[in-house]
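Here's the structure we're looking at; comments come further down.
Just so it is clear, the values below take in all heavy atoms, side chains as well, and ignore hydrogens, waters and symmetry mates. Given the structure is predicted, the values throughout are model-derived calculations rather than measurements.
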Amino acid sequence: MQLPFHIDILSLMFKGILIGILASAPMGPVGVLCIQRTLNKGRWYGFVTGIGASVSDIIYALITGLGMSFVMEFIERGSNLFYLQISGSIMLLAFGLYCFKSNPTKKMHLSGKQKGSLVHNGVTAFFVTFSNPLIIFLFMGCYAQLAFVVPNHPLEMCVGYVSIVLGALLWWFGLTWLIDKIRGNFTTGGIVIINRVIGAAVIVFSILILLGTIFNIYHLHL
């Protein structure tokens with residue numbers, strides 16, 4: 001039986017989901033806001049906050065992908081691609097170290113008890129996330145290392161970008177579910193712990209793909 005999708009599309013879907021999770025997981029202002037709203041207002045208010053953040057992320061993901069697609073001819077040259085992948089790994093490593101060492105509770109956006117509408121919660125989360133364009137550098141690092149951008153393949157790229165949204169929504173759904181389950185025992189210290197676990201995971205991931213890139217080039221030259 002023939003698969004309805006080419007295996008490359010399945011690979012792009014997996015990469016997109018991974019990028020969506022990596023972009024959403026660090027406990028920045030919107031992550032803290034999502035947790036606060038889940039605790040103060042309920043799980044679905046927290047999840048809608050994540051949806052608002054995901055809309056902002058996909059806008060920056062599209063901007064980053066469009067920019068990189070214009071320079072793919074330069075990027076796809078062997079040595080240039082190698083250096084770009086190395087740079088991407090270093091950017092991810094720096095992001096992981098920053099995430100591990102930072103304390104997101106110091107500059108948190110406080111969430112009150114007044115619920116407001118779901119739309120209002122989503123829109124405010126969108127603007128909190130959209131006010132931080134530095135997420136573009138994270139997308140650049142992920143795109144470079146995972147070879148995510150595929151020029152002149154609009155269908156495949158549409159699937160990839162949809163997968164980024166899916167990955168982000170999976171993260172926010174899982175996070176709000178977990179916070180809702182442990183709400184009686186959760187403190188601000190838990191936010192720091194989550195952030196350090198995520199930072200450590202990104203550090204390990206970036207080191208592994210950095211070593212993989214270096215040794216792959218080494219074996220190609222043997």
Side-chain angles (χ1 to χ4, degrees), residues 1-26 47 50-78 80-93 95-96 129 135-178 197-198 200-220:
M1 180 178 178
Q2 189 175 4
L3 290 172
F5 292 106
H6 193 275
I7 189 65
D8 287 345
I9 291 187
L10 296 178
S11 174
L12 203 62
M13 288 176 64
F14 173 77
K15 292 177 182 178
I17 291 172
L18 181 60
I19 292 171
I21 293 173
L22 285 173
S24 303
F47 182 58
I51 292 176
S54 300
V55 174
S56 173
D57 285 344
I58 193 58
I59 292 175
Y60 282 127
L62 289 168
I63 292 172
T64 307
L66 182 63
M68 292 185 71
S69 65
F70 284 123
V71 294
M72 282 307 294
E73 184 178 349
F74 170 80
I75 291 173
E76 287 176 344
R77 296 173 189 169
N80 294 337
L81 179 60
F82 169 71
Y83 290 121
L84 183 65
Q85 289 180 322
I86 292 294
S87 300
S89 300
I90 293 173
M91 288 172 67
L92 286 177
L93 178 59
F95 183 80
T129 309
I135 190 69
I136 287 178
F137 291 102
L138 175 59
F139 282 122
M140 287 176 61
C142 291
Y143 287 3
Q145 185 50 244
L146 297 175
F148 180 75
V149 178
V150 185
N152 302 319
H153 289 79
L155 175 61
E156 287 85 349
M157 287 310 302
C158 284
V159 172
Y161 288 125
V162 170
S163 299
I164 290 178
V165 176
L166 178 59
L169 293 179
L170 285 173
W171 168 259
W172 295 118
F173 187 86
L175 178 65
T176 53
W177 175 86
L178 176 63
V197 170
I198 294 168
V202 173
I203 290 170
V204 172
F205 175 74
S206 61
I207 291 175
L208 288 176
I209 58 178
L210 175 62
L211 293 175
T213 300
I214 293 173
F215 282 104
N216 185 51
I217 296 295
Y218 172 75
H219 286 305
L220 287 177

Apply side chain to side chain contact (heavy atoms under 4.5 Å, CB included) to residues Val162 and Val159 and explain how you reach the verdict. CA-CA 5 Å; Val162 170; Val159 172; 5.8 Å; no
Can you tell me how far the [atom1] atom of [X] sits from the [atom2] atom of [Y], to the nearest 0.5 Å?
X	Y	atom1	atom2	value
Phe47	Leu175	CZ	CG	11.0 Å
Ile136	Tyr143	CD1	OH	10.0 Å
Leu22	Ile198	CG	CD1	10.0 Å
Tyr60	Thr129	OH	OG1	9.5 Å
Leu155	Ile9	CG	CD1	5.0 Å

Looking only at heavy atoms, what is the nearest atom pair of [X] and [Y], with distance?
X	Y	answer
Gly167	Ile21	O-CG1, 3.4 Å
Trp171	Ser24	NE1-O, 3.5 Å
Trp172	Ala53	CZ2-CB, 4.1 Å
Gly96	Val202	CA-CG1, 3.8 Å

Flag the pair [X] / [Y] as yes when at least one side-chain heavy-atom distance between them is below 4.5 Å, and no otherwise.
X	Y	answer
Ile59	Leu62	no
Ile19	Phe139	yes
Asp57	Ile164	no
Leu18	Lys15	no
Ile58	Ser54	no

Ring-plane angle category for Phe148 and Tyr161, please: parallel below 30°, perpendicular beyond 60°, tilted otherwise. perpendicular
What residues, two or more places apart in sequence or in another chain, satisfy side chain to side chain contact (heavy atoms under 4.5 Å, CB included) together with Ile90? Ile86
